[in-house]
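For reference, the structure is listed below as structure tokens.
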Amino acid sequence: MDHGKVDQVPEVLLSRYEIEERVGVLAAAITKDYQGRTPHLVGILKGAWVFMADLIRHMDIDVTVDFLGITSYGSGTHSSGEVKITKDLDVSIEGREVLIVEDILDTGRTLKYLEEVLSVHQPHNLRVVTLLDKRSRRIVPVKADYVGFEIAEIFVVGYGLDFDQKYRQLPDIHVLRHTPLP
Ligand code: IMP
Ligand code: MG
């Protein structure tokens with residue numbers, strides 16, 4: 001790693017302006033659907049926190065937030081579906097209207113695991129918002145209720161998304177590779 005400056009990733013897939021506009025639309029839809037209620041947003045660390053920070057600032061209803069830290073076993077660049085919890089929830093979700101906030105859905109294994117783990121705690125309902133969706137890569141049949149952008153089978157970084165823990169701070173979403181990682 002070069003400790004002087006951030007590595008360049010030339011190709012921008014989604015600019016900060018496109019992202020901001022779409023996040024505003026998602027937040028408006030969520031605000032409408034949860035009118036008069038207080039959803040409990042559970043952000044999945046680490047990828048989703050940049051998105052979640054922007055999302056809640058566009059929402060016009062009361063919300064509460066919590067975070068669940070997870071890490072995939074294996075290389076860390078693709079998910080085996082074997083997930084380890086690195087930070088548990090701080091407060092109970094029992095009876096709450098829970099909205100999982102994810103950065104990206106790929107094979108769907110991580111979300112399936114999350115839905116199983118959270119359902120055990122008996123939320124009133126459990127929905128999902130994801131900024132990005134690689135729908136064509138799905139192995140496990142899971143679906144998000146709110147999707148920012150459907151993208152092709154490529155590997156992207158920035159706006160919270162990493163490769164090997166790098167590039168999370170890039171304001172735009174960039175294409176790191178035109179093929180998914182193995
Ligand atoms: P899934 O379990 O295969 O759906 O994988 C979801 C997780 O894999 C995400 O939460 C990300 O951490 C990671 N991931 C999948 N695709 C990408 C990508 O293009 N860029 C960065 N992380 C990705
Ligand atoms: Mg990741």
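One-based numbering along the sequence shown. The basis for the numbers below is simple: all heavy atoms, side chains too, and nothing from hydrogens, waters or symmetry mates.
- Within the model, atoms NZ of K84 and OG1 of T71 stand 7.0 Å from one another, a figure rounded to the nearest 0.5 Å.
- Taking the side-chain hydrogen bond (donor to acceptor under 3.5 Å, both in side chains) definition, one finds that E115 meets it with nothing, sequence neighbours left out.
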Sequence neighbours excluded and cut-off under 3.5 Å, please list the side-chain donor-acceptor pairs for residues 41-51, or say none.
unit_1, atom_1, unit_2, atom_2, d
W49, NE1, K46, O, 3.0

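- Of the inter-residue distances, the one linking L111 atom CG with R109 atom CZ reads 13.5 Å to the nearest 0.5 angstrom.
- I173 and L105 fall into different hydrophobic clusters, where Ile, Leu, Val, Met, Phe, Trp and Tyr residues are linked whenever their side-chain heavy atoms come under 4.5 Å apart, directly or through other members.
- Within the structure, the salt bridge (charged side-chain N to carboxylate O under 4.0 Å, His left out) test picks out the following pairs touching residues 116-133 (sequence neighbours left out): K112-E116, D133-R135, D133-R138.
- Atom CD of Q8 is surrounded by 12 or fewer heavy atoms from other residues, nucleotides or ligands within 6.0 Å.
- Closest heavy-atom contact between M59 and P39: CE-CG, 4.5 Å.
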Exercise. Please walk me through it: do V128 and L114 pass side-chain contact (heavy atoms from CB on, under 4.5 Å)?
Worked result: CA-CA 10 Å; V128 181; L114 291 170; over 6 Å; no

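- Taking the side chain as every heavy atom from C-beta outward, I19 and D54 never approach each other to under 4.5 Å.
- Tracing side-chain contacts under 4.5 Å through hydrophobic residues (I, L, V, M, F, W, Y), one reaches L132 starting from V129; they form part of the same cluster.
- Take E18 and apply the side-chain contact (heavy atoms from CB on, under 4.5 Å) test, not counting sequence neighbours, and it matches L14, S15.
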Side-chain donor-acceptor pairs of residues 89-101 under 3.5 Å, sequence neighbours excluded:
unit_1, atom_1, unit_2, atom_2, d
D90, OD1, K87, NZ, 3.3
S92, OG, E94, N, 3.1
R96, NH1, T64, OG1, 3.4
R96, NH2, T38, O, 3.1
R96, NH2, T64, OG1, 2.9
E97, OE1, R37, NH2, 3.0
E97, OE1, N125, ND2, 2.8
E97, OE2, R37, NE, 2.7

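- Y34 and L118 fall into different hydrophobic clusters, where Ile, Leu, Val, Met, Phe, Trp and Tyr are joined by side-chain heavy atoms under 4.5 Å apart, directly or via other members.
- I154 and F163 fall into different hydrophobic clusters, where Ile, Leu, Val, Met, Phe, Trp and Tyr residues are linked whenever their side-chain heavy atoms come under 4.5 Å apart, directly or through other members.
- Each of R168, K166, H174 was scored for a side-chain contact (heavy atoms from CB on, under 4.5 Å) with V157, with one residue passing: H174.
- When atom types are taken as modelled, the side chain of R16 and the backbone of L170 share no donor-acceptor pair closer than 3.5 angstrom.
- Heavy-atom contacts from other residues, nucleotides or ligands closer than 6.0 Å to CD of Q169 number more than 12.
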Can you list, pair by pair, the side-chain donor-acceptor contacts under 3.5 Å of residues 26-33, counting residues two or more places apart and other chains?
unit_1, atom_1, unit_2, atom_2, d
T31, OG1, A27, O, 2.7
T31, OG1, D60, N, 3.2
D33, OD2, Y146, OH, 2.5

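- Between Q35 and I61, the shortest heavy-atom contact is OE1-CG2, 3.9 Å.
- Side-chain contact between Y167 and L161 is absent, with no heavy atoms from C-beta onward closer than 4.5 Å.
- Two residues are said to be in side-chain contact when any heavy atoms from C-beta on lie closer than 4.5 Å; D103 and T130 fail this criterion.
- Under the 4.5 Å side-chain criterion, counting only non-hydrogen atoms from C-beta, L131 is in contact with Y159.
- A continuous path of hydrophobic side-chain contacts links V83 to V140 [ILVMFWY only; heavy atoms under 4.5 Å].
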